[in-house]
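Worksheet: the structure to be examined is printed underneath.
Values below: all heavy atoms of this structure, side chains included; hydrogens, waters and symmetry mates excluded.
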Amino acid sequence: MLENFIYENHLGQRFVGLENGIYLNENELRDYSWDYDIINNRISRFYRSVSSRNLPLLVCCSTKEEANRVRNRLLELAEADIDAMQPGKFIVGEYYTTGFITASKKSDYRTHGRFCRVNLTLTSTDPSWSRETVHVFGGSGDGEDASRNGFDFPFDYAYDYSVSVTSRQVVCDTIKSSKFKLKIYGEATNPAIMINGHAYKVNGMIRKGETLLIDSLNRTITLTTETGSKINWFTNRDRHDYIFEPIPPGVNNVIYNGSFKFDLTIIEERSEPRWI
């Protein structure tokens, strides 16, 4: 069965399958396996190693010139990832998997110039699939007054939360605890966010026009200034709680003081995308 896909390289340049006269045939994208170690005849751990998956594509365009343009475009996007040593994404539906296009074999291109078969090899250090769900916080009417619902912080902050504390519930429809991204918009001083009783806090002033990104996927904390400069804020993290603590599945209470805006992106990871 043919299906649509999007290939996006590390620069954000996209190749949309159906729009470019190229289709993804039955493939290995949904196949998976776990490696494991054995000690004393027992499995001691599961892990993933580098994997390669075959992606058979069909190119079918109205003219030979259009088919050539499609093939050239696909190469240019893939080679940019190889040159930069930065993986791209294969997107199917709401999910994506990352990797490099490390091989491309063509056939049937001499029969009709506008048609050919292209078999790609996608090589990944992590072959899992991810889906990102963004929850936006901030602005008037966001959440409820936490004091009315009996919420309390496990330790004291350097400033008073008692005047205005807002809360919301975020449902993580995931199999396991998820990595996340927290993007905080200035102006904010010592911003702290409680998720399911765990504090995610940094110490410092985020000025108006600046953003702070806490990225648990790459374990980085980066301040982006109004001019676009990026500053490493890892040392500004509060050490009372682990700032990259994964978000557990199920219902999570999110509490903060309501003085700043932020986006919480939940990164769901699966061995294969959901079947729909």
Side-chain angles (χ1 to χ4, degrees), residues 3 5 7-10 24-56 78 81-105 119-133 170-182 195-200 213-222 232 234-235 237 239-252 264-276:
E3 63 180 327
F5 73 96
Y7 171 64
E8 179 181 290
N9 70 6
H10 76 284
L24 180 60
N25 212 335
E26 192 170 287
N27 57 78
E28 297 179 351
L29 281 177
R30 289 180 171 83
D31 298 342
Y32 72 90
S33 64
W34 286 91
D35 294 313
Y36 52 88
D37 290 335
I38 297 178
I39 299 177
N40 296 328
N41 207 33
R42 291 178 177 271
I43 296 177
S44 59
R45 70 167 180 138
F46 289 97
Y47 64 95
R48 295 189 189 277
S49 56
V50 174
S51 70
S52 293
R53 289 169 283 184
N54 292 321
L55 307 179
D81 290 341
I82 297 289
D83 184 62
M85 292 290 292
Q86 296 289 330
K89 295 179 180 179
F90 258 86
I91 304 168
V92 176
E94 296 181 327
Y95 290 84
Y96 66 86
T97 187
T98 61
F100 298 90
I101 296 176
T102 55
S104 175
K105 296 180 65 176
N119 193 73
L120 301 179
T121 299
L122 179 67
T123 302
S124 307
T125 54
D126 181 2
S128 63
W129 287 84
S130 300
R131 179 179 67 171
E132 298 187 1
T133 304
V170 169
V171 178
C172 295
D173 182 19
T174 58
I175 299 172
K176 59 184 180 179
S177 294
S178 301
K179 297 173 184 176
F180 67 90
K181 295 177 184 178
L182 269 174
I195 303 177
N196 228 33
H198 187 90
Y200 301 81
L213 181 63
I214 303 171
D215 182 352
S216 78
L217 191 64
N218 299 297
R219 290 183 172 86
T220 58
I221 305 173
T222 306
N232 185 352
F234 186 78
T235 57
R237 72 192 187 282
R239 289 168 171 77
H240 190 282
D241 286 90
Y242 180 51
I243 199 164
F244 301 128
E245 181 71 19
I247 310 297
V251 179
N252 292 272
L264 169 62
T265 301
I266 304 295
I267 305 173
E268 176 192 6
E269 292 181 315
R270 297 168 55 95
S271 293
E272 62 182 39
R274 291 178 187 264
W275 293 85
I276 56 174

### Task
Sort out for me which residue in T97, T123, D31 forms a side chain to side chain donor-acceptor pair (under 3.5 Å) with R53.
T97
### Task
Determine, stepwise, if the pair F180 / I195 fulfils side chain to side chain contact (heavy atoms under 4.5 Å, CB included).
CA-CA 12 Å; F180 67 90; I195 303 177; over 6 Å; no
### Side-chain heavy atoms of R274 within contact of D173, under 4.5 Å
yes
### Query
So do the side chains of N27 and F5 get within less than 4.5 Å of each other, counting heavy atoms only?
no
### Query
Closest approach of H10 and P87, non-hydrogen atoms and distance?
CB-O, 3.7 Å
### Message
Does R45 have more than 12 heavy atoms from other residues, nucleotides or ligands lying within 6.0 Å of its CZ?
### Response
yes
### Task
Would you name the heavy atoms of S44 and I38 that are closest together and state the gap between them?
OG-N, 4.2 Å
### Task
Looking only at non-hydrogen atoms, find the nearest pair between Y36 and W34 and report the distance.
CD2-O, 3.7 Å
### Message
Does any part of the side chain of L24, heavy atoms only, come nearer than 4.5 Å to the side chain of L29, both counted from C-beta?
### Response
yes
### Summary
Here the gap from I221 atom CD1 to L182 atom CG, rounded to the nearest 0.5 Å, amounts to 10.0 Å
### Task
Evaluate the side-chain proximity of I247 to N196: yes if any heavy-atom separation is below 4.5 Å, no if none is.
no
### Query
Taking atom types as modelled and ignoring hydrogens, do the side chains of R48 and S271 form a donor-acceptor contact shorter than 3.5 angstrom?
yes
### Query
Hey, are the side chains of P273 and R30 touching, using non-hydrogen atoms and a 4.5 Å cut-off?
yes
### Query
What is the distance from atom OH of Y242 to atom CZ of R237, rounded to the nearest 0.5 Å?
9.0 Å
### Query
What distance separates T102 OG1 from L122 CG, expressed to the nearest 0.5 Å?
7.5 Å
### Task
Please check if atom OH in Y47 has more than 12 non-hydrogen atoms from other residues, nucleotides or ligands closer than 6.0 Å.
yes
### Message
Do I276 and E94 make a side-chain contact, defined as non-hydrogen atoms from C-beta onward lying under 4.5 Å apart?
### Response
no
### Task
Give a yes-or-no answer on whether the side chains of S51 and S124 include a donor-acceptor pair shorter than 3.5 Å.
no
### Task
Would you check if F244 and I214 make a side-chain contact, meaning some heavy-atom pair closer than 4.5 Å?
yes
## Note on the structure
When rounded to the nearest 0.5 Å, the distance separating CG of N9 from CZ of F100 is 11.0 Å
### Query
Counting N and O atoms only, with roles assigned by atom type, does the side chain of N252 sit under 3.5 Å from a partner on the main chain of G250, one being a donor and the other an acceptor?
yes
### Query
Any idea which heavy atoms bring P246 and S177 closest together, and the distance?
CB-CB, 3.7 Å
### Query
Should we count CZ of R219 as having more than 12 external heavy atoms under 6.0 Å?
no
### Task
Output the distance between atom CD (E28) and atom CG (N54), rounded to the nearest 0.5 Å.
4.5 Å
### Task
Mind listing the closest non-hydrogen atom pair of W129 and E272 along with its distance?
CD1-CA, 3.6 Å
### Message
Can you confirm whether Y7 sits close enough to L120 that some side-chain heavy atom of one is under 4.5 Å from a side-chain heavy atom of the other?
### Response
no
### Message
Strictly distance-based, threshold 3.5 Å: is any side-chain N or O of N232 a donor or acceptor partner for the main-chain N or O of F234?
### Response
yes
### Task
Verify the distance criterion only: is there a donor paired with an acceptor across the side chains of Y95 and E268 at less than 3.5 Å?
yes
### Query
Between atom NZ of K179 and atom OG1 of T265, what is the distance when rounded to the nearest 0.5 Å?
15.0 Å
